[in-house]
Amino acid sequence: MKKLLLSFFLCAAALVQLASCSGKKYRLPVRELTVLCSSGNEVTVQAEIARTEDERSWGFMKRRHIPEGTGMLFVFERDQVLSFWMKNTPHPLSIAYIDSGGIIRGIYDMTPYSLSPVKSPRSVRYALEVPQGWYEKAGITAGDRLVLPGSGF
């Protein structure tokens, strides 16, 4: 009987752990970010801020809908060549790679569920993912500047 109870509790604990992993979601802080366009326009986006390795690894995975005008800013500790993919991400996204001075160095469309890496063209500090096509609709292009807060992210 003791072995049966122990087996039951071990199975229950494993199921709880599995359920918590599969439903993993982060409640990230949201900040209004401003992009200064070369056209003279200012565009804002409501962005979740992913700072930790776990937050960055999870990103937009499993989210079926990401509203226009929203996104996720991935913040890294140092400049580096970044590489993103769309594992378990059903919503089509566009990604902007941004250097430590806030300059957008490249914008790329990403395919849902694709495991193909999308690399930054050079060392950058940030990546901003938004619904696919939003950058074009907003008139944002490479060379435009994300306004970085003085205190950082």
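Annotation: the span from I66 atom CD1 to E129 atom CD amounts to 7.5 Å, rounded to 0.5 Å. The distance from atom CD1 of I98 to atom CG of L73, rounded to the nearest 0.5 Å, is 6.0 Å. Rounding to the nearest 0.5 Å places CG of L33 at 8.0 Å from CD of Q46. To the nearest 0.5 Å, atom CD1 of residue I95 and atom CG of residue L128 are 8.5 Å apart. To the nearest 0.5 Å, the span separating CD on E68 from CH2 on W134 amounts to 8.5 Å. Interatomic distance, CD1 of I104 versus CZ of R145, reported as 10.5 Å (0.5 Å rounding).
For the pair D109 and G133, the tightest heavy-atom approach, listed with the atom from each and the gap, is OD1-N, 4.4 Å. Taking each heavy atom of G71 and F60 in turn, the nearest pair found is C-CZ, 3.6 Å. Scanning all heavy atoms of the two residues, the minimum distance from L148 to S100 falls at CD1-O, 3.2 Å. Contact record, S114 with S116: OG-N, 3.0 Å, taken as the closest heavy-atom pair. Between G139 and C37, the shortest heavy-atom contact is O-SG, 3.9 Å. For the pair I107 and A142, the tightest heavy-atom approach, listed with the atom from each and the gap, is CD1-N, 4.0 Å.
Side chain of D144 to backbone of S38: a donor-acceptor contact under 3.5 angstrom is found. No side-chain donor-acceptor contact under 3.5 Å links T89 to the backbone of H91. Of the possible donor and acceptor atoms, one in the side chain of T52 sits under 3.5 Å from a partner among the backbone N and O of E55. The backbone N or O of P67 sits less than 3.5 Å from a side-chain atom of T70, completing a donor-acceptor pair.
A salt bridge links R63 and E48; the closest N-O separation between the charged side-chain nitrogens and carboxylate oxygens is under 4.0 Å.
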Verdict with supporting geometry, I49 and L28, side chain to side chain contact (heavy atoms under 4.5 Å, CB included): CA-CA 6 Å; I49 310 298; L28 300 175; 5.8 Å; no

Ring pair (Phe, Tyr, Trp, His ring centres under 6.0 Å) evaluation trace for Y126 with Y97: CA-CA 6 Å; Y126 309 99; Y97 288 114; over 10 Å; no

Would L36 and V147 satisfy side chain to side chain contact (heavy atoms under 4.5 Å, CB included), going step by step from the backbone distance to the final call? CA-CA 7 Å; L36 302 176; V147 177; 3.7 Å; yes

Decide side chain to side chain contact (heavy atoms under 4.5 Å, CB included) for L93 and M86; before the verdict, give the C-alpha distance in whole Å, the side-chain angles of both, and the deciding distance to 0.1 Å. CA-CA 9 Å; L93 300 173; M86 294 284 284; 3.8 Å; yes

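Connection of M110 to W85 is not established within any shared hydrophobic cluster, with ILVMFWY side chains joined at heavy-atom distances below 4.5 Å, either directly or through further cluster members.
Between F84 and Y108, the distance from one ring center to the other does not fall under 6.0 angstrom.
Geometrically, R56 engages F76 in a cation-pi contact defined by less than 6.0 Å to the ring centre and at most 45° from the axis.
Counted within 6.0 Å of CD on E136, heavy atoms from surrounding residues, nucleotides or ligands total 12 or fewer; the atom is thus considered open.
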